[in-house]
Amino acid sequence: VIRAARRHLAVLEAHSIQSTPQFDLFTSARTEPDTSSDADVEQESPHAAALLEAMQTIEPDALTPREALEALYRLKQLAERSA
């Protein structure tokens, strides 16, 4: 059954419209390291620095759903000020 499924998959992939193959969902994603620092954010905008500081103080696992919603609204207000 598995061999037949693999053959069928190979046929489907050969006739696929996609020009690139689908990535394996179970492999680790390789991302570029973030080269920006907190100092870069502080130089850009004091509001952006305040937003970053507020995000770093939030402990999502320790919040109730209501507290999480309030924190989200607070972050949204800070983000709107920095825009």
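Remember, predicted model here, so these are calculated numbers, not experimental data. Residue indices begin at 1 and follow the sequence shown. Scope of the values below: all heavy atoms of this structure, side chains included, with no hydrogens, waters or symmetry mates.
- Contact of the Leu63 side chain with the Leu69 side chain is not registered, since no non-hydrogen atoms from C-beta on lie closer than 4.5 Å.
- At distances below 3.5 Å, not a single donor-acceptor pair connects side-chain atoms of Glu80 with backbone N or O atoms of Gln77.
- By the side chain to side chain donor-acceptor pair (under 3.5 Å) test, Arg66 pairs with Glu70, sequence neighbours left out.
- In this structure, Glu13 CD and His8 NE2 are separated by 10.5 Å, a value rounded to the nearest 0.5 Å.
- Ala71 and Ile58 make their closest contact through CB-CD1, 3.9 Å (heavy atoms, listed as atom of the first residue, atom of the second, distance).
- Applying the side chain to side chain contact (heavy atoms under 4.5 Å, CB included) criterion to Arg7, with sequence neighbours excluded, gives Arg3, Ala4.
- In this view, Glu53 satisfies the salt bridge (charged side-chain N to carboxylate O under 4.0 Å, His left out) rule with no residue, not counting sequence neighbours.
- To the nearest 0.5 angstrom, Leu52 atom CG is 4.0 Å from Gln56 atom CD.
- The minimum heavy-atom distance linking Leu78 with Ala54 is given by the pair CD1-CB, 3.6 Å.
- Thr64 has its side chain within reach of Glu67: a pair of non-hydrogen atoms, C-beta onward, lies under 4.5 Å apart.
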